[in-house]
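Working notes for the structure below.
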Amino acid sequence: AQSVTQLGSHVSVSEGALVLLRCNYSSSVPPYLFWYVQYPNQGLQLLLKYTSAATLVKGINGFEAEFKKSETSFHLTKPSAHMSDAAEYFCAVTTYSSASKIIFGSGTRLSIRP
Amino acid sequence: EAQVTQNPRYLITVTGKKLTVTCSQNMNHEYMSWYRQDPGLGLRQIYYSMNVEVTDKGDVPEGYKVSRKEKRNFPLILESPSPNQTSLYFCASRREAPPDTQYFGPGTRLTVL
């Protein structure tokens, strides 16, 4: 079975500061990992995904995440926050063998201070 | 435009009154799922479908029904809604097994009084 834990339900950073959203996963087989973003009153949109090709994954809007097997982590980062990054972010895990079951974290709300 | 649509977007109803939330995708995707989103709990899968006439329970299926008679449509049925089903619901679809990208609808906010 898989699980995912997002540390921090709310993160606040200043505009221009580093964004770091934490995600730890648990999986007994090689995982696929995803980060989704949800803007207010909208559905979820894929930011990036790890599919075992490269451990450093680059996504849209300047976000990237690094898969660290030894730490069972897949933290999301962005060097410089913009006001438009304010949203809720979800980490998710699945595996090839559990094709239809995708487990989502509880979400992290990112606020940007002017 | 490739998209997943849901209707209605907002619904207020009363306990016990049957309702259906429709979901349709125009991308010819095999896989479709329904999720509910509750504060502090993230998204939890209600039901999923891997193809026409093939459906299975997710993590929180109690009180819900689904059907997949056509590839593009995957309605969510609440036969007798209760207040604990007040939530934000999302339909999603993807073409094939992971790690294929899942596309989400805009959501349906349901309130059961």
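Residue numbers start from 1 in every chain, and the chains themselves are labelled A, B, ... in the order their sequence lines are given, proteins ahead of strands. No experiment lies behind these values; they were computed from the predicted model shown.
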Which bit of L33(A) comes within less than 4.5 Å of chain B, counting heavy atoms only: side chain, backbone, both or neither?
neither

So if I apply the salt bridge (Lys or Arg N to Asp or Glu O under 4.0 Å) rule between E30(B) and each of K71(B), R72(B), R94(B), which one comes out positive?
K71(B)

Under 4.5 Å from any heavy atom of chain B, what part of L44(A) do you find: side chain, backbone, both or neither?
both

Proximal component of D59(B), with respect to chain A [non-hydrogen, under 4.5 Å]
both

Measure from the ring center of Y103(B) to the ring center of F90(B) and say whether it is less than 6.0 Å.
no

Aromatic contact, F104(A) with Y36(A) (centres under 6.0 Å):
yes

Which one of S106(A), G105(A), G107(A) has the most heavy-atom pairs closer than 4.5 Å to chain B?
S106(A)

With a 4.5 angstrom heavy-atom cut-off, could you sort out which part of Q102(B) is near chain A: side chain, backbone, both or neither?
both

With a 4.5 Å cut-off on side-chain heavy atoms, are H75(A) and N24(A) touching?
yes

If we count only N and O atoms by modelled type, under 3.5 Å, do the side chains of H10(A) and T108(A) hold a donor and an acceptor together?
no

Answer with side chain, backbone, both or neither: which region of R109(B) has an atom nearer than 4.5 Å to a non-hydrogen atom of chain A?
neither

Hey, is R95(B) close enough to D100(B) for a salt bridge, meaning N to O under 4.0 Å?
yes

Whatever's closer than 4.5 Å to a heavy atom in chain A on L43(B) counts as both

Chain B interface, residue from Q6(A), Q42(A), K49(A), E88(A) that has the most non-hydrogen pairs under 4.5 Å:
K49(A)

